[in-house]
Structures are given as C-alpha cells and as structure tokens.
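Reviewing the structure listed below.
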Amino acid sequence: GIQVEQSPPDLILQEGANSTLRCNFSDSVNNLQWFHQNPWGQLINLFYIPSGTKQNGRLSATTVATERYSLLYISSSQTTDSGVYFCAVAAYTGANSKLTFGKGITLSVRP
Amino acid sequence: SQTIHQWPATLVQPVGSPLSLECTVEGTSNPNLYWYRQAAGRGLQLLFYSVGIGQISSEVPQNLSASRPQDRQFILSSKKLLLSDSGFYLCAWSKQGYQPQHFGDGTRLSIL
C-alpha cells in the first residue's frame with residue numbers, strides 16, 4: 001500500500017516563529033488532507049489539498065502531486081498551534097478515499 | 001451543515017466484556033463512513049469503512065466488527081474485549097467519491 005512519511009517527527013518553536021512541515025508519499029493520490037490533533041484528541045481539518053496551494057489565515061499548504069510531497073506552513077506560531085499534525089492520503093487507484101495516515105509531527109510552541 | 005456525533009466520549013471496560021460504540025451523521029445522505037483506531041502515541045489506522053447500508057469492508061483482521069443499520073449510523077462492536085483493544089476510536093464521514101473526510105471527537109476506550 002501507499003507509504004506516508006512526515007518530517008520532522010518533533011518540532012519545538014518559540015512563539016512567533018515560522019515552521020514548515022513536510023509530507024512525502026509513495027504513490028499518486030486523489031486525496032490529501034492535513035489535520036491538527038489537539039490535546040483533547042480532536043482531529044481538526046486544516047486542508048484538503050490533493051494538489052496546488054491553499055491558505056487559511058496563518059496556515060498555508062502546498063502539494064506538488066507530480067513530486068509526491070506536501071508542505072504545511074505555519075507562520076507567527078502561537079501556543080494554541082501545539083499538538084500533532086497529521087498528513088493523510090488516499091491512493092489514486094484506491095476506492096472511496098480510504099486514508100493512510102503518516103505518523104504525525106508533534107509541535108510544541110513555547111511562550 | 002453536516003455534523004458527526006460519537007458516543008460515549010470515554011469508556012472503561014473489563015476484559016471479556018462486550019462493546020458498542022455509536023456514530024451518527026447529520027445533514028447529509030448516503031455518506032461513506034469510517035472507523036479508525038489510534039493507539040497511544042501513534043497514527044490512525046483504518047478499521048472499517050462503509051459505502052452504504054449493510055455494506056461493510058474490513059481493513060484489518062481483529063476482534064472487532066462494524067455494522068451500518070441505517071444510512072447515517074455506524075456502529076463498532078465486540079463480543080469480548082481484549083486488552084489490545086484499548087485505544088482512541090474515531091468515526092469519520094465523507095461524501096461519495098474522492099472527497100475529504102471529517103472526523104468525530106472520538107471515544108477513548110480503556111480495557112482493564
């Protein structure tokens with residue numbers, strides 16, 4: 001099946017700093033989503049981005065499907081950005097958008 | 001707008017007891033439905049998905065089963081829980097086809 005690798009596994013930032021989170025995947029995809037899991041376990045949808053670039057406030061994401069990677073940018077980080085960030089993809093040949101998740105990136109933003 | 005509900009939020013069960021977790025979706029019809037499990041400190045693993053009433057596909061062999069008795073209801077069950085069934089269970093839905101998935105708040109299951 002499709003493989004998803006996220007890097008770095010852990011990230012510590014000072015409040016106000018910028019960061020880039022990376023997701024590599026091993027096959028063509030028809031779905032790519034970025035999620036933020038907060039300390040209570042809730043999975044918050046950040047982006048649905050199988051290709052292209054999107055922005056939402058301080059967050060933006062870019063997926064280069066032909067090169068099989070996606071980047072999540074966080075600017076002016078805040079302590080509330082802390083948590084685990086997951087990239088999840090569904091292989092192009094798969095049915096019904098079954099997602100395969102990466103292992104996640106644990107982000108800690110210090111005041 | 002669409003919403004997804006899971007309950008209970010937390011559950012503590014003894015080994016060998018039965019399990020029933022419920023998930024319902026509002027504001028849409030004929031959704032795809034999914035059950036995931038997240039072990040402590042790890043990513044999510046797809047357990048079951050359903051494209052319609054009574055249609056269940058299992059992704060991994062295990063002690064659990066799923067059912068979809070109604071269009072927007074998805075149930076995760078076990079006849080006898082094992083210690084290894086502990087974890088965080090999340091239900092998700094998506095529209096048919098290659099559409100983004102939306103997750104419920106999850107059920108934290110502890111087996112004693």
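Chain identifiers are assigned alphabetically (A, B, ...) following the order of the sequence lines, protein sequences preceding nucleic acid strands; residue numbering begins at 1 within each chain. Values below: all heavy atoms of this structure, side chains included; hydrogens, waters and symmetry mates excluded.
- Taking OG of B/Ser94 as the reference point, atom CD of A/Gln33 lies at 8.5 Å (rounded to 0.5 Å).
- Both B/Phe88 and B/Phe103 belong to a single network of hydrophobic side chains, linked directly or stepwise wherever heavy atoms of I, L, V, M, F, W or Y lie under 4.5 Å apart.
- Within the model, atoms NZ of A/Lys98 and CG of B/Leu46 stand 7.0 Å from one another, a figure rounded to the nearest 0.5 Å.
- Residue B/Gln73 places its CD atom among more than 12 non-hydrogen atoms of other residues, nucleotides or ligands, all under 6.0 Å distant.
- The cluster map of Ile, Leu, Val, Met, Phe, Trp and Tyr, joined by side-chain heavy atoms under 4.5 Å apart, puts B/Leu19 and B/Tyr34 in different clusters.
- Of the atoms belonging to B/Leu44, heavy atoms from both backbone and side chain fall under 4.5 Å from chain A.
- Counting non-hydrogen atoms of neighbouring residues, nucleotides and ligands closer than 6.0 angstrom, the CZ atom of A/Arg58 exceeds 12 such neighbours.
- Only the side chain of B/Glu59 comes within contact range of chain A, with heavy atoms under 4.5 Å apart.
- Both A/Val29 and A/Phe47 belong to a common hydrophobic cluster when Ile, Leu, Val, Met, Phe, Trp and Tyr are linked at side-chain heavy-atom distances under 4.5 angstrom.
- We find the OH-NE2 distance between A/Tyr48 and B/His102 to be 9.5 Å, quoted to the nearest 0.5 Å.
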Show your reasoning for whether side chain to side chain contact (heavy atoms under 4.5 Å, CB included) applies to B/Asp105 and A/Trp40.
-> CA-CA 9 Å; B/Asp105 288 343; A/Trp40 297 271; over 6 Å; no

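- Grouping the Ile, Leu, Val, Met, Phe, Trp and Tyr side chains by contacts below 4.5 angstrom, directly or via other members, places B/Trp93 apart from A/Leu43.
- If you measure heavy-atom distances from A/Gln37 to chain B, the contacts under 4.5 Å come from the side chain alone.
- Across every non-hydrogen atom of A/Asn45 and B/Gln101, the tightest pair is ND2-O, 3.2 Å.
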